[in-house]
Amino acid sequence: MLLIDILVKLNLPPFPYRLISKPFLLLLLFGYFIFNRTGNNKRKQLWMSLAILSFFVGDLLIINSVDIIFIGLSLLVFSIGKIFFCFKFSHKRDFKISRLVPLTIILFCYIIFFTAILLNNLNNFFFPALITFFLTLLMFQFAYLRKDVFNKKSYFCVLFGVLLYSFSEGLMAIKTFKFDLPFQDFAIMFFYGVGLYFIVYGVVNEKEEEHELLEKEEEEINFS
């Protein structure tokens, strides 16, 4: 389905063709999550469902990427989706602050890099873009902190998915506000689709016993 949507994006007008091809990507991922979700934490499952549905709406809005209103609305909806992903990835288990230091330095350099490149071109989108970049990095941080909470397969798939999504978002920002890149349309959609797939795949590969242990620990924290 991703390949079909990329071919449509590269060879056909956005309207009405991508309104037909693009929604299937997120709908398929949503169905995959619903039928394979693990754990009994309804709140966490709700966050994941709302995140996917937010990205679904954002996908429809960004099809009209030449209209400033649709670009702004899509940034808002994608940002809401990222917040839901952060809620899903978060947990109350203790972690070492020292583990965050190298990641924080890398993420800080990432923000500085894109801010320096796009600063003079963002205009009214400066603060919305800054917020959405910050939420992406926050999502990356929460995905990183899943280490030792969930199994390695789940952990690395989610982290890899967030990394690919971040790369796609960076390419999209450069294309929209700065200059064109080689194979940009293919790369943006490919990394976006594969990134979201790995996030969902990683989440559905969480183990029941991991959820039970985490919920037990959170209940003890809340009780104390």
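All values derive from a computational prediction rather than experimental measurement. Reckoned from all heavy atoms, side chains included, excluding hydrogens, waters and symmetry mates.
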| When you look at E206 and R146, which way does the salt bridge (charged side-chain N to carboxylate O under 4.0 Å, His left out) test go after all the steps? | CA-CA 11 Å; E206 296 170 352; R146 294 173 73 254; 2.9 Å; yes
| field | Pairing residues for E169 by the salt bridge (Lys or Arg N to Asp or Glu O under 4.0 Å) criterion, not counting sequence neighbours | value | K82
Minimum heavy-atom distance between [X] and [Y], given as atom pair plus value:
{"X": "K178", "Y": "L118", "answer": "CB-CD2, 3.8 Å"}
{"X": "F133", "Y": "A173", "answer": "CZ-CB, 3.8 Å"}
{"X": "I199", "Y": "V158", "answer": "O-CG2, 3.7 Å"}
{"X": "G81", "Y": "S54", "answer": "CA-CB, 3.5 Å"}
{"X": "I62", "Y": "S74", "answer": "CD1-OG, 3.2 Å"}
{"X": "L2", "Y": "M189", "answer": "CD1-O, 3.6 Å"}

| query | With the 4.5 Å side-chain cut-off for hydrophobic clustering, are L3 and L12 part of the same group? | reply | no
| task | Among F33, Y165, F30, find the one that has a ring-ring contact (aromatic ring centres under 6.0 Å, His included) with F55. | result | Y165
| task | Flag the pair Y144 / Y155 as yes when at least one side-chain heavy-atom distance between them is below 4.5 Å, and no otherwise. | result | yes
| message | Under a 3.5 Å distance rule, please check whether Y110 uses its side chain to pair with a backbone N or O of S166 as donor and acceptor. | response | yes
| Sub-3.5 Å donor-acceptor pair from the side chain of T132 to the main-chain atoms of A129, do we have one? | no
| field | Ring-ring centroid check F150 H211, cutoff 6.0 Å | value | yes
| Just checking, is any N or O donor in the side chain of N205 or S154 under 3.5 Å from an acceptor N or O on the other one? | no
